[in-house]
Amino acid sequence: MKTQFVIDSDEYKGQLNLALTIKSGQTSQPAWLQRNGCFIELVEIDGIHCLIKAKQKINDLYAPLEIIAESEEKVDEESVRSCIMNIFGLYDDLDELNNYLNKDPKLAPTIDFCRGLRLFKAHNTFECIISSISSANCSIIRWNKAIKDIKKKWGNKYNFGSDTFYTFPSPAYLQKVPEHELEEMQRLEDTLPKDYVFEKNLKSCGVGYRAKFIIKTSEMIQNNINIKKLDKESYKKAFDTLLELPGVGPKVADCILLYGFGFKMAFPVDVWIGRIVSELYFNGKEIKPPKARLFGMQKFGDYAGYVQLYMFHYARKSGLLETLKK
DNA sequence: ACGCAGGGCGATA
DNA sequence: TATCGCCCTGCG
């Protein structure tokens with residue numbers, strides 16, 4: 001089945017730069033596959049796995065967003081539409097955001113660098129949680145590869161034409177996978193061929209010491225902690241709940257809340273955001289992450305998530321980041 | 001080769 | 001409550 005439609009710029013507020021939104025290196029989900037100017041990902045909508053193709057003409061921030069959804073069963077077009085609107089941050093009012101940024105002399109310069117940049121939300125909250133845990137103390141390339149490996153080893157395979165995609169495994173499934181080679185070996189003891197290659201364990205995905213965090217977190221989400229209702233909670237309560245998960249500290253929790261659950265007042269502080277805040281608002285005096293986080297949340301309120309996104313992209317593109325490296 | 005970057009954790013005061 | 005060494009791997 002194929003569902004095809006367009007989202008015009010008059011259906012949301014402000015501009016859209018689809019490519020920038022997807023590629024701005026946000027922590028929550030691996031980058032979408034890019035081919036022939038299309039961005040492609042397998043997304044579950046109303047319980048149906050759909051191959052989503054998203055396309056926007058380049059160099060026109062008001063160009064319509066063209067969507068094609070392919071699935072075996074028929075999927076409701078309105079469901080696809082609202083899912084896409086959410087993923088690409090099209091419910092956010094960028095005109096209003098720019099007005100806000102304009103009032104702060106430190107933030108006004110970010111506007112020109114970030115036109116049409118929106119918060120790229122995760123389509124699978126569990127995947128978002130595991131991605132965020134994997135991203136801690138880790139480069140983007142490395143955790144992206146780790147997530148890809150996890151999907152390939154334990155996800156369900158979907159073929160669309162010549163393309164193969166994998167779902168992200170469920171918590172119930174992921175809590176049971178072997179942590180490392182030794183555990184994989186012990187489980188297979190009786191049936192082991194002589195030349196067996198141990199590669200179906202979490203560590204072989206390159207997650208390092210985070211393997212045990214990932215398994216324990218999967219177990220807790222399966223058994224104790226209900227993440228389905230997290231977006232109905234207050235920010236504070238949801239934050240504290242996430243901190244119970246192993247491998248989740250303040251930065252990771254805020255990424256999950258912002259990109260996975262849409263809490264726009266979250267202000268995830270990594271070393272870079274910490275340095276940028278110190279530079280812009282404290283004359284370069286070092287502000288430690290917990291302080292920077294509180295400062296950001298108090299100063300920017302419901303804009304905190306966007307401010308963090310815009311600050312980082314601005315710092316990267318303006319050369320500020322380079323000067324902060326030393 | 002080898003030292004460092006990147007968050008969270010557990011032990012320390 | 002804050003600080004510190006360690007965890008793992010890719011990169012320069």
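Residue numbers start from 1 in every chain, and the chains themselves are labelled A, B, ... in the order their sequence lines are given, proteins ahead of strands. Since the model is a prediction, treat every value here as computed from it, not as a measurement.
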Subject >> For A:D76, all residues meeting side-chain hydrogen bond (donor to acceptor under 3.5 Å, both in side chains), sequence neighbours excluded >> reply: A:S79
Original post:
Under the side-chain hydrogen bond (donor to acceptor under 3.5 Å, both in side chains) test, which residues partner A:K236, sequence neighbours left out?
Top reply: A:D240
**OP:** Produce a footprint string for nucleotides 6-12 of chain C: one letter per nucleotide, 5' end first; B if the base is under 4.0 Å from any protein heavy atom, S if only the sugar-phosphate is, - if neither.
**Re:** -BBBSS-
**OP:** Would you list the pairs meeting salt bridge (Lys or Arg N to Asp or Glu O under 4.0 Å) in which at least one residue belongs to residues 92-106 of chain A, sequence neighbours left out?
**Re:** A:D92-A:K264
Let me have the donor-acceptor pairs involving side chains of residues 284-294 of chain A, under 3.5 Å, with sequence neighbours excluded, atom names and distances please.
from   : atom 1 : to     : atom 2 : distance (Å)
A:R293 : NE     : A:D254 : OD2    : 2.9
A:R293 : NH2    : A:Y235 : OH     : 2.8

Original post:
For DNA chain B, which residues in residues 246-254 of chain A have a heavy atom at a distance below 4.0 Å?
Top reply: A:P246, A:G247, A:V248, A:G249, A:P250, A:K251, A:V252
**OP:** Starting at atom CD of A:E244, determine the distance to atom C1' of B:dG8, rounded to an integer number of angstrom.
**Re:** 16 Å
Subject >> Contact list for DNA chain B against residues 263-276 of chain A - heavy-atom distance below 4.0 Å >> reply: A:D270, A:V271, A:W272, A:R275
Subject >> Main-chain N/O of A:Q175 paired to A:E219 side chain as donor or acceptor, under 3.5 Å >> reply: no
**OP:** List in chain and number order the residues that pass side-chain hydrogen bond (donor to acceptor under 3.5 Å, both in side chains) with A:D112, two or more places apart in sequence or in another chain; answer none if no residue qualifies.
**Re:** A:R115
Subject >> Qualifying residues under side-chain hydrogen bond (donor to acceptor under 3.5 Å, both in side chains), relative to A:E72, sequence neighbours excluded >> reply: none
**OP:** Under the salt bridge (charged side-chain N to carboxylate O under 4.0 Å, His left out) rule, collect the residues that match up with A:E279, sequence neighbours excluded.
**Re:** none
**OP:** Could you tell me whether A:L245 contacts a base, only the sugar-phosphate backbone, or nothing, with contacts defined as non-hydrogen atoms closer than 4.0 Å?
**Re:** sugar-phosphate
Subject >> Whole-Å distance separating the CG atom of A:L242 from the C1' atom of B:dG7 >> reply: 15 Å
**OP:** Specify the separation, in whole Å, of atom CD1 of A:I214 and atom P of B:dC9.
**Re:** 13 Å
Subject >> Partners meeting salt bridge (charged side-chain N to carboxylate O under 4.0 Å, His left out) with A:K237 (sequence neighbours left out) >> reply: A:E233
Subject >> Nearest-angstrom distance from the residue atom CH2 of A:W143 to P of B:dG8 >> reply: 14 Å
**OP:** Figure out the NZ/C1' separation between A:K216 and B:dC9, and round it to whole Å.
**Re:** 15 Å
Original post:
Going by the angle between their ring planes, with limits at 30° and 60°, are A:F160 and A:Y158 parallel, tilted or perpendicular?
Top reply: parallel
Subject >> Nucleotide B:dG7, atom C1' - distance to CZ of A:F213 in whole Å >> reply: 10 Å
**OP:** Only pairs at least two apart or in different chains count here, so list each ring-ring contact (aromatic ring centres under 6.0 Å, His included) that has a residue in residues 92-134 of chain A.
**Re:** A:W32-A:F120, A:F88-A:F120, A:Y100-A:Y303, A:F113-A:Y314, A:F126-A:F168
